[in-house]
Amino acid sequence: IDLSADLFGQSLQSPLLNASGVHCQTKEELNDLANTSNLGAMVTKSATLQAREGNPNPRYHDLANGSINSMGLPNLGYDFYLDYVLEDQQKPTILSVAALSAADAITLLKKLQASDYQGPTELNLSCPNIVGEPQLAYDFEATDQVLSEVFSFYTKPLGVKLPPYFDLVHFDQIAKVLNKYPLTHVNTINSVGNGLWVDVEKEQVVTKAKGGFGGLGGAMVLPTALANVRALRQRLNPSIKVLGTGGVTTGADVFAHILCGADLVSVGTQVMKEGLGVYDRLAAELKEIMAAKGYQTLDDFRGQLKEL
Ligand SMILES: O=C(O)c1[nH]c(=O)[nH]c(=O)c1I
């Protein structure tokens, strides 16, 4: 059984990545990822021009069926992560970047264009937890404008991290915008924004910022994640890869993401629950399923979801 996958020309031992934001903010965390078996590639915490503290604690809360977070984009800043990805990597690495405004995104990507970094970058258009800021990718016109300006100067590998969409017309609209640009990939989904969890015993919310509203992850978002992977795979140019993120807790979930068309699959909440050993378990479970079904490679079943 062969789990090998491709990351923009780099061969990976497995299709599994960490979800940006989980265990990837500090040098120690990034080094842990670099030494994690069955993790095929890694993504950094989204970097902003300046380092950020993020939202006040509590800002992450584990739930029986997933998680809620309002981290608020805490990160060590663009320069730190650029230095990190410029070092030679033990494991293929995607640099994630974010901005609090379209202008900042342009500034950051102009610096990246001028840098020595030639590797893959993912522009996060979907952070749901910046107080007062909308998730850019829910504004199709604004997204088109930003990408149009970015690709007027940016010539290196670039993908985008998308929020979940919930209307087939929205899948059509975002795909129409994205297909205009030479993107390496889309990563779908980011957390389901602005959920709310209530601690009934204490009669209060569980995270501090935004009155307790935060991004949802884990098992509860799997159906939404699979729908977004499938819908975007069906609509995007074949040249644009799809990284599936959201709701993965078992090898069967990884299999389902790939069956819906995912080229690679990221895991977030389950790493918070189980630790980095989760990747060994997911790889083993995926191999078992493939063996039982007579599949040798991921290409044998990728995108082959059957309709009734
Ligand atoms: O609050 C965060 O830092 C955060 N949390 C998320 O769930 N997704 C994101 O893209 C980000 I930038």
Side-chain angles (χ1 to χ4, degrees), residues 17-26 29-30 42-63 65-78 80-81 94-102 104-105 108-109 121-139 143 146 159-165 174 185-197 205-222 224-225 228 243-248 266-273:
L17 292 84
N18 64 297
S20 178
V22 172
H23 209 104
C24 58
Q25 191 171 324
T26 65
E29 290 176 334
L30 290 164
M42 51 192 273
V43 189
T44 65
K45 171 66 185 176
S46 295
T48 43
L49 279 171
Q50 306 301 327
R52 287 173 53 85
E53 284 289 309
N55 290 336
N57 284 315
R59 58 191 192 181
Y60 183 91
H61 190 86
D62 183 64
L63 300 171
N65 57 352
S67 66
I68 185 167
N69 90 82
S70 64
M71 305 305 288
L73 193 42
N75 74 95
L76 297 178
Y78 164 80
F80 169 82
Y81 298 101
I94 300 175
L95 173 67
S96 175
V97 295
L100 302 185
S101 67
D104 279 2
L108 194 156
L109 286 166
T121 297
E122 187 172 282
L123 175 57
N124 185 349
L125 298 174
S126 46
C127 182
N129 299 319
I130 306 298
V131 178
E133 290 293 324
Q135 290 169 262
L136 190 73
Y138 282 145
D139 180 336
T143 300
V146 167
V160 290
K161 180 73 172 282
L162 298 173
Y165 299 98
I174 190 63
H185 72 287
V186 302
N187 187 332
T188 178
I189 63 173
N190 206 317
S191 56
V192 174
N194 297 298
L196 180 64
W197 186 253
V205 302
V206 296
T207 51
K208 189 167 178 66
K210 294 176 53 177
F213 285 69
L216 305 175
M220 72 175 96
V221 308
L222 181 62
T224 295
N228 278 260
L243 271 59
T245 302
V248 172
S266 310
V267 185
T269 296
Q270 197 57 27
V271 172
M272 298 297 287
K273 290 175 181 281

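Read the numbers this way: they start at 1 and go in the same order the structure lists the ligands and their atoms. All values below come from the heavy atoms of this structure, side chains included, with hydrogens, waters and symmetry mates left out. Remember, predicted model here, so these are calculated numbers, not experimental data.
- At distances below 3.5 Å, not a single donor-acceptor pair connects side-chain atoms of Lys45 with backbone N or O atoms of Tyr81.
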Apply side-chain hydrogen bond (donor to acceptor under 3.5 Å, both in side chains) to the pair Asn187 and Thr245, showing each step before the final yes or no.
CA-CA 7 Å; Asn187 187 332; Thr245 302; 2.6 Å; yes
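- When only modelled atom types and interatomic distance are considered, Ser20 and Asn124 share no side-chain donor-acceptor pair under 3.5 Å.
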Verdict with reasoning, Asn69 to Asn129, per side-chain hydrogen bond (donor to acceptor under 3.5 Å, both in side chains):
CA-CA 8 Å; Asn69 90 82; Asn129 299 319; 3.0 Å; yes
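- Sorted by chain and number, the residues within 4.0 Å of ligand 1 by heavy atom are Lys45, Asn69, Met71, Gly72, Leu73, Pro74, Asn124, Cys127, Pro128, Asn129, Asn190, Ser191.
- For the pair Gln135 and Asn194, the minimum side-chain heavy-atom distance is below 4.5 Å.
- The environment of CZ in Phe213 is sparse: at most 12 heavy-atom neighbours from other residues, nucleotides or ligands sit within 6.0 Å.
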